[in-house]
Amino acid sequence: MTKLSVNINKIATLRNARGGNIPNVQQAAIDCELYGAEGITVHPRPDQRHITYQDVELLRPLIKTEFNIEGNPTPEFIDLVLKHKPHQVTLVPDDPAQLTSDHGWDTITEKPFLKSIIKRFKEAGIRTSIFVDPDVEMVKHALDTGTDRIELYTESYACGYFSDRSVSIKPFVEAAKVANSIGLGINAGHDLNLENLAFFIQYVPNVLEVSIGHALIADALYYGLNNTIQMYRNQLINP
Ligand code: PXP
């Protein structure tokens, strides 16, 4: 069964717009779990424009499911993750100025770098995942980094879904088959939503976890957080 990890960055973005504590990010994480989220994802960026380092500290003891911290492994990020020891760290090669993550790792040229960082996280008992494009070569080389899992970057799938979903899903199916055959666990995320999620889960074999933020939090404006989380869970349970 594919687990739903709710990315709560957008809740922090809303809070930060006014500088106070509305909405309360910690309470939102507790409620997401109460409503059925099987994990909470945060993506602290160097400028802390969404989730802050202090949020991570406050959230850590509250999370009862799976805590996933994702981000670019800068020295500050590495220290933060090693200090709070989440269940999973997802490494993303995003530039500080980027609006959102927009590409996966080059697991060939970045292999030595990834290998050394992943070793540190694994020694601390933290499961690792690395963000990759749906590219068979990148997936094969991900294995040599020592990572436990890959997170398939699903933006291209989501973009192509309405024009031809059977075409846009193809590279993901191929990448997942390779990952499964070499023993890499598979996560997926970016631009997944209530329309494209079920098809993805139905056809991409053995997706262990999806992390979903933007669309889910936007849907919650209309359906409420409780209903929305259950609607996403239903897509995973009955794709
Ligand atoms: N995975 C990674 C690595 C991300 O950077 C993000 C966005 O922060 C997501 C998943 C979730 O994407 P979305 O907000 O589009 O659901």
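Throughout, numbering of the chain's residues begins at 1 and tracks the sequence. Order of listing sets the numbers, starting from 1, for every ligand and every atom in it.
- Protein heavy atom closest to atom 14 (O) of ligand 1, with residue, atom name and distance, is His214 N, 2.9 Å.
- Ligand 1 has no N or O atom lying under 3.5 Å from any N or O atom of Phe131, backbone or side chain.
- Ligand 1 is never approached by Asn9 to a heavy-atom distance shorter than 4.0 Å.
- Screening Arg149, Lys3, Glu70 for a side chain to side chain donor-acceptor pair (under 3.5 Å) with Asn187, the sole residue that qualifies is Arg149.
- Residues Glu66 and Glu209 share a closest heavy-atom pair of OE2-OE1, 2.7 Å.
- For His87 and Phe67, the ring centers sit 6.0 Å or farther from each other.
- Shortest non-hydrogen contact noted between Val25 and Ile51 is CG1-CD1, 4.0 Å.
- Of all atoms in ligand 1, numbered sequentially from 1 with element shown, those under 4.0 Å from a heavy atom of Glu151 are 1 (N), 2 (C), 3 (C), 10 (C).
- Looking at atom 15 (O) of ligand 1, its nearest protein heavy atom turns out to be Asp191 N, 2.8 Å.
- Once rounded to the nearest 0.5 Å, the distance linking CD of Glu174 with CG of Asp135 reads 11.5 Å.
- The aromatic rings of Phe113 and Trp105 lie tilted to each other, with the angle between the two planes from 30° to 60°.
- Side chain to side chain, Asn193 and Tyr232 fail the donor-acceptor criterion of an N or O pair below 3.5 Å.
- The protein non-hydrogen atom at the shortest distance from atom 5 (O) of ligand 1 is Ser101 OG, 2.5 Å.
- Below 4.0 Å from some heavy atom of Asn7 lie the following atoms of ligand 1, by number and element: 8 (O).
- Distances between N or O atoms of Thr90 and those of ligand 1 include no value under 3.5 Å.
- Within the structure, the closest approach of Leu192 to ligand 1 does not fall below 4.0 Å when heavy atoms are considered.
- If you check each of Pro93, Ser211, Gly104 against atom 11 (C) of ligand 1, the one with the closest non-hydrogen atom is Ser211.
- Counting protein heavy atoms only, atom 12 (O) of ligand 1 is closest to His190 CA, 3.3 Å.
- Selection from Glu70, His50, His43, Lys10 by nearest heavy atom to atom 6 (C) of ligand 1 gives Glu70.
- From the protein, the heavy atom lying nearest to atom 16 (O) of ligand 1 is Gly213 N, 2.8 Å.
- The minimum heavy-atom distance linking Pro93 with Asn72 is given by the pair C-ND2, 3.9 Å.
- Listed by atom number, the atoms of ligand 1 under 4.0 Å from Val92 heavy atoms are 3 (C).
- Taking the six-membered ring where the residue is Trp, Phe200 and Tyr157 present tilted rings, their angle falling between 30° and 60°.
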